[in-house]
Amino acid sequence: MYKTKLFKLSFVAAFFALAFNGTAQINTPAPSPAGSVSATVGLTEIEINYSRPQMKGRKIFGDGDSFLVPNGQLWRAGANAGTTIKFSDAIKIAGNDLAAGEYLFLATPGASEWEVVFYSDVALGGNMAAYDDSKAALKAKVKSGKLTETVSTLTYNVADIGENSENANIQLAWENTVVNIPVQVSFDETVMKAIAENTVVNPRNLMTAARYYLSAGKDLNQALEWVNTYLATGENSKQFWNVHAKAQILAKMGNKKEAIKVANESKAAAKAYPDGDFGYIKRNDDLIASLK
């Protein structure tokens, strides 16, 4: 009996040991850890996924074989399987049209100018030997610049988003080099279609439409009409932030006297609001001061 039990216990222990050995693994930090960055420019989602190599005392960009990435040599623009960039909408890269989708991002460095490639076959990964030029969806030349501080780990960013939300830069920085790839997006047609469809079914959208017209410099008379229509729908529509938008439109139309009057109405309502003015007292004061 004792030997039988001992055999069973040994068998169970061996089984678990084999199971453990079959699934256990040791995790260590990756030499080039994964990185990602995403941003919305206008209405377009931009997502970058890449592996981040480090300098580790190496010279990165320059002329000759002593550099990790020699000038004039096609590079996967990252480590491991390279870098992918995804766009939710059609865009322009350095003035050139590029369809929505996911691309492998490749680059050929130069002393002061780089050629960047948006490659349609992401399965290529880091295998530059299998590169097929016919699969390059877009090529563009962009300027490179020098950094005053060293960036030890390859870093991508979506930078310099314009005030009008129509442009930005995809930025690559490593060692003492920075490259900005200009991106232009378009959203006006999409917004205008949404305005036409949604202001009919939901009056609250009138304020969104009016603010868009104000920021985009479109028909201000139409914007004012939408604001007045919404403000007339009831007391709940007359929040001071909506009244302030009306004052902004009037100011941009050149109607200073009426703009000051409406801004004062917004300011008074902001002062009386029990949950705080959210900065609208100052906003109205600033608008009034700019009109005097």
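Side chains included, hydrogens not; waters and symmetry mates left out as well; all remaining heavy atoms used. Residue numbers count from 1 along this sequence. Since we're looking at a predicted model, the values are computed, not measured.
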Non-hydrogen side-chain atoms of Y103 and L98 separated by less than 4.5 Å: yes
Does the side chain of F118 reach to within under 4.5 Å of the side chain of I93, using non-hydrogen atoms? yes
E189/K193 ion pair, N-O < 4.0 Å: no
With sequence neighbours excluded, give me every salt bridge (charged side-chain N to carboxylate O under 4.0 Å, His left out) pair touching residues 114-126. D121-K135
Any side-chain heavy atom of M55 sitting closer than 4.5 Å to one from W174? yes
same_hphob_cluster(I60, Y50) at 4.5 Å side-chain heavy-atom cutoff: yes
Applying side chain to side chain contact (heavy atoms under 4.5 Å, CB included), name anything that partners A210, two or more places apart in sequence or on another chain. A223, W226, V227, I249
Would you call K139 and D133 a salt bridge, taking side-chain N to carboxylate O under 4.0 Å as the test? yes
Just so I know, are the side chains of Q54 and S32 near enough to count as touching, which here means a heavy-atom distance under 4.5 Å? no
Sidechain-backbone polar pair: S266 side chain, F240 backbone, donor-acceptor under 3.5 Å: yes
Is atom CG of D65 surrounded by more than 12 heavy atoms (other residues, nucleotides or ligands) closer than 6.0 Å? no
Using distance alone, with no hydrogens and no angle criterion, decide if R211 and N242 have a side-chain donor and acceptor under 3.5 Å apart. yes
For K86, does the NZ atom sit with more than 12 other heavy atoms under 6.0 Å from it, leaving out its own atoms? no
Please tell me whether L250 and Y212 are part of a single hydrophobic cluster in this structure, the criterion being side-chain heavy atoms less than 4.5 Å apart. yes
Under a 4.0 Å N-O cut-off, is there an ion pair linking D285 with K267? yes
Supply the atom-to-atom distance Q248 CD to L224 CG, rounded to the nearest 0.5 angstrom. 12.5 Å
Answer with yes or no whether the hydrophobic clustering places V243 together with M253; edges join I, L, V, M, F, W, Y residues whose side-chain heavy atoms lie under 4.5 Å apart. yes
Should N167 and P182 count as side-chain neighbours, where that means a heavy-atom distance under 4.5 Å? no
Using the side chain to side chain contact (heavy atoms under 4.5 Å, CB included) rule, take V41 and V158 through it: C-alpha gap first, then chi angles, then the decisive distance, then the call. CA-CA 9 Å; V41 182; V158 179; 4.0 Å; yes
Looking only at heavy atoms, what is the nearest atom pair of A77 and L154, with distance? O-CD2, 3.8 Å
Atom of D277, atom of A270 and distance for their closest heavy-atom approach: CB-O, 3.7 Å
Hey, is CZ on R204 packed in by over 12 heavy atoms from elsewhere, all under 6.0 Å? no
To the nearest 0.5 Å, what is the distance between NZ (K56) and OG (S152)? 11.0 Å
Hey, does I48 have a side-chain heavy atom less than 4.5 Å from the side chain of I170? yes
Stepwise, does the ring pair (Phe, Tyr, Trp, His ring centres under 6.0 Å) test hold for Y119 with Y131? CA-CA 9 Å; Y119 194 76; Y131 174 83; 5.1 Å; yes
Any side-chain donor near an acceptor of the partner, E47 and N49, under 3.5 Å: yes
Minimum heavy-atom distance between S144 and T177, given as atom pair plus value: CB-CG2, 4.3 Å
Could you grab the distance from atom CG of D188 to atom CG of N164, nearest 0.5 Å is fine? 11.5 Å
With heavy-atom distances below 4.5 Å as the criterion, would you say the side chains of N205 and I195 are in contact? no
Working note: V183 + K92, criterion side chain to side chain contact (heavy atoms under 4.5 Å, CB included); need CA distance, chi angles, decisive distance, verdict. CA-CA 6 Å; V183 177; K92 288 182 182 291; over 6 Å; no
If you count every heavy atom of other residues, nucleotides or ligands that lies below 6.0 Å from K146 atom NZ, does the total exceed 12? yes
Which value, rounded to the nearest 0.5 Å, describes the distance between K238 atom NZ and T233 atom OG1? 8.5 Å
With hydrophobic residues grouped by side-chain heavy-atom distances under 4.5 Å, do L291 and Y280 end up in a single group? no
List the steps, then state whether side chain to side chain contact (heavy atoms under 4.5 Å, CB included) holds for T108 with N71. CA-CA 7 Å; T108 301; N71 288 339; over 6 Å; no
Sequence-distant partners of Y273, side chain to side chain donor-acceptor pair (under 3.5 Å), two or more places apart: none
For Q171 and N169, does a side-chain donor sit closer than 3.5 Å to a side-chain acceptor? no
Is there a chain of hydrophobic side chains (I, L, V, M, F, W, Y, each step under 4.5 Å between heavy atoms) that links V142 to I46? yes
What heavy-atom pair brings N80 and S51 nearest, and what distance separates the two atoms? ND2-OG, 3.1 Å
So, do K59 and L68 sit near enough that their side-chain heavy atoms are less than 4.5 Å apart? no
Donor-acceptor side-chain pairing of T83 and R76 below 3.5 angstrom: no
Between CG on residue L138 and CG on residue D97, distance to nearest 0.5 Å: 8.5 Å
When every non-hydrogen atom of A263 is compared with those of N284, the smallest separation belongs to O-OD1, 3.2 Å
With rounding to the nearest 0.5 Å, note down the distance linking CE in M207 to OG1 in T199. 13.0 Å
One pair to check against side chain to side chain contact (heavy atoms under 4.5 Å, CB included): Q25 and N27. What are the steps and the verdict? CA-CA 6 Å; Q25 59 184 358; N27 292 319; 4.0 Å; yes
Do you know the tightest heavy-atom contact between A81 and L104? O-CD1, 3.9 Å
Any chance the side chains of E45 and T40 put a donor and an acceptor closer than 3.5 Å? yes
Measure up the W114 and F61 rings against each other and bin them: parallel (under 30°), tilted (30 to 60°), perpendicular (over 60°). perpendicular
